[in-house]
Amino acid sequence: MSSRPKVLGFNALLVVASILAAGPLLWMVSASLMRPGEANSSPPPLLPSDPTLEHYRALFTSLNLGRYFLNSLGVAVGGTLLAVLITAMAGYAFAKLRFRGRDSVFKVLLAGMVIPGQVAMLPMFILLREMGLINTLFGAMVPVLAPIYGIFLVRQYALSIPDDLLDAARLDGASELRIFRSVVLPAITPVLATLGVFTFLSAWNDFMWPLIVLSDDSHYTLPVALANLAGEHVLDVELMMGGAVVTVLPVFLAFLFLQRHYIQGIMAGSVKG
Amino acid sequence: MWAWALLVPSLALVTALIAYPLATGISLSLHSVVVNRPGLGRPFVGLENYARLLADETVRTALLNTVIYVVVGVISQLLLGLGAAVLLNRSSRLAWVARTAVMLPWFMPPVVAAYMWAFMLDPRYGILTRIAGLLGIDTGSQGVFADPGLALWGVLLVELWRSYPFFALFFLAGLQSIPEELYEAAALDGAGTWHRFRHITLPMLGPTFVFVGVVTMIASFQIFSEPYVMTQGGPLKSTTTLVLLMYEQGFRWWRLGLSAAIAVVLFLLTLAGTLLLRLRRSEAR
């Protein structure tokens, strides 16, 4: 149907869009492999003349990046598991169980979606300090643990579970817990995968809250550690970009592995919204 | 009973992490609380914190900047996202590769994106400064982020680069859910490409617009990492935002009342923006 020049034009635009997106990332990797000072030479090179891993070695030995990596992983994985579990429970209850006050509770909950996280930060900080949770990985997880949007997403998805299926399981004498585990959870897995990716991402990438709540450097997550590293090493472009690559890698891997999943989840879950 | 058992964890967490802090925050904003001067106590001062905000020029600058971040940010991301979605919505192998590439920046931690762009735009050594120079574009000797007239737009550009894929992703999902028959029927009726886009694609994407618009708007109101990393709100406060001020007042100077007041202003702005978008949606129906 489309004429040939038109297809060529679209393809050219696709290439440009890809370069604009991926080019800076490739430069980041390339710079992290350069010798110290090389990225700052004039004219700045695109590729390392003599690739080296010395910055990664320094990052993981003297600069303790391994520790921050584990902190980030703990915060992101722990936060994601907790968030996905409580979201699955609540989303299913709102979609499929009949109880008094269901719709009004749900409405109130949705209204909370417009409250920006920052509004809660100061009081939350004071609260956590009173509970002794400042400077703990659990304290850093807190922002992903009130996932109103996630509950909404799971509810939308769970609405499509046929009531007959649940009733049949009840007639067979299955307990509610059993139904939740063996019927509901498998049915909503795609949306949970979507939610999991997004939650992991926001916990891993979060900067402001960990910056506030983690003051002791042994608890830093990667973004905070990177900003801290910049304090001393902001001129060491190659080293900084090495730290950046380490910080980015897990989210990119998560993205590539789950790409198919989360796109399905988005299509099924939210377009109806 | 079982239903409530399922709900208790999330309702308890939402109460503890959203409702309670919001209430305490509003109350804090009506008191004068300076942590490192406990001798002063925490007297109730009514709207005095808000009056101080209104009188402060930095706050007015931050307010204006925040509005620019939100309005320009959301509109530019929306347009670019829509364009990218239309472009990516084909089944060639190249489109598949491009789809993967285009989504990557959105997954990046904002802090990383900020450092990466700051280095690439460095006035002396930056690779992009160099490329811009070769193309005959002069970015000035002090660089984008040191120029009070340019810094804000630099931050917006980085934000656009990192965030428009979110729109693209959702628009793409929206496009793929539009039944092909609609287009075929319209084509039979003799509707051209633009006509089909205007009268089928755009209306079918309506709900996606509002949803992604609201999410992006809320996120834009909270923009923090990029200015914090790239400019610290400078030069001359030209890139500072309400959230940045809230952070400085609250967590650097421990003026809790004032910081809480900024947070409440931010909340009211977000609320107003959300209602506005929702209203427009119901009008459009």
Side-chain angles (χ1 to χ4, degrees), chain A residues 10-11 13-14 17-18 21-22 24-25 27-28 39-40 42-44 86-87 89-90 92-93 97 99 109 112 114-120 122-124 127 142 145-146 148 151 176 201 204-205 207-208 212 223 226-227 230 237 240-241 244 247-248 251-252 255 259 263 266-267 270-271 273, chain B residues 2-3 6-7 9-10 13-14 17-19 21-22 24-25 28 84 87 94-95 97-98 100-102 104-105 107-112 115-116 119-120 125-127 130 169-170 173-174 176-177 207-208 211 218 221-222 224-225 229 243 246 250-251 256 259-260 263-264 266-267 270-271 274:
Chain A
F10 277 130
N11 285 349
L13 280 175
L14 283 174
S18 309
L25 301 169
W27 175 80
M28 181 173 83
N40 279 352
S42 184
I86 61 171
T87 314
M89 289 160 56
Y92 162 63
L97 299 176
F99 55 94
L109 198 64
V114 299
I115 302 172
Q118 272 82 354
V119 176
L122 193 63
M124 211 151 81
L127 181 71
V142 152
L145 294 184
I148 299 183
I151 295 174
E176 289 292 339
L201 195 67
W204 182 276
N205 289 356
F207 174 61
M208 189 177 177
I212 290 168
L226 203 63
V237 178
M240 285 295 297
M241 291 297 95
T247 308
V248 153
V251 280
F252 279 3
F255 163 70
Q259 198 178 9
I263 288 182
I266 282 172
M267 291 179 63
S270 69
V271 177
Chain B
W2 172 237
L6 288 174
L7 285 176
S10 44
L13 281 165
V14 167
L17 302 178
I18 296 180
L22 179 67
T24 347
L28 262 180
L87 191 64
L94 180 65
V97 173
T100 307
V102 163
L104 281 174
F107 282 75
M108 274 185 112
V111 172
V112 173
Y115 281 116
M116 191 183 79
F119 288 134
M120 289 196 304
Y125 310 116
I127 189 94
R130 164 94 178 149
L169 180 67
F170 276 81
Q176 296 185 343
S177 71
T208 317
F211 168 74
I218 295 176
F221 268 120
Q222 307 181 8
F224 175 78
S225 309
V229 164
V243 173
M246 185 205 87
F251 296 97
L256 303 193
S259 175
V264 172
L266 198 66
F267 167 57
T270 313
L271 197 62
T274 310

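By convention in this document, chain letters (A, B, ...) are assigned in the order of the sequence lines, proteins followed by strands, and residues within each chain are numbered from 1.
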Below 4.5 Å from any heavy atom of chain A, which atoms of [X] appear? Answer side chain, backbone, both or neither.
X	value
B/Met246	side chain
B/Tyr115	both
B/Leu256	both
B/Thr274	side chain
B/Leu17	both

Just give me the residue among [options] that pairs up with chain A most often, heavy atom to heavy atom, under 4.5 Å.
options	result
B/Thr24, B/Ile218, B/Ile18	B/Ile18
B/Gly250, B/Ser225, B/Ser259, B/Gly126	B/Ser225
B/Leu104, B/Val102, B/Leu22, B/Leu28	B/Leu104

Contacting region of [X] [heavy-atom separation from chain B under 4.5 Å]:
X	value
A/Leu201	side chain
A/Ile115	both
A/Ile148	side chain
A/Leu97	side chain

[atom1] of [X] to [atom2] of [Y]: how many Å apart, nearest 0.5 Å?
X	Y	atom1	atom2	value
A/Glu176	B/Trp2	CD	CH2	7.0 Å
B/Leu87	A/Leu13	CG	CG	5.5 Å
A/Trp204	B/Phe107	CH2	CZ	14.5 Å

For [X] and [Y], work out which heavy atoms get closest and say how close.
X	Y	result
A/Ala146	B/Leu13	CB-O, 4.2 Å
B/Ile127	A/Pro44	CD1-O, 3.6 Å
B/Pro21	A/Met124	CB-N, 4.3 Å

#### Entry: Test log, rule side chain to side chain contact (heavy atoms under 4.5 Å, CB included), inputs A/Met28 and B/Val112
CA-CA 10 Å; A/Met28 181 173 83; B/Val112 173; 3.9 Å; yes
### Task
Report the C-alpha distance between B/Phe267 and A/Gln118 in whole Å, list the side-chain angles of each, state the deciding distance to 0.1 Å, and finish with yes or no for side chain to side chain contact (heavy atoms under 4.5 Å, CB included).
CA-CA 9 Å; B/Phe267 167 57; A/Gln118 272 82 354; over 6 Å; no
### Task
May I ask you to test the A/Tyr92-B/Leu6 pair for a side-chain heavy-atom distance under 4.5 Å?
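Of all side-chain heavy-atom pairs linking B/Leu6 with A/Tyr92, at least one is under 4.5 Å.
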### Largest heavy-atom contact set with chain B, pairs under 4.5 Å, which of A/Thr247, A/Ile86, A/Val251, A/Asn40
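Sorted descending by pairs with chain B, the first entry is A/Asn40.
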#### Entry: Most contacts with chain B, counted as non-hydrogen pairs under 4.5 angstrom, among A/Val248, A/Leu226, A/Ile212, A/Leu109
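The answer is A/Ile212.
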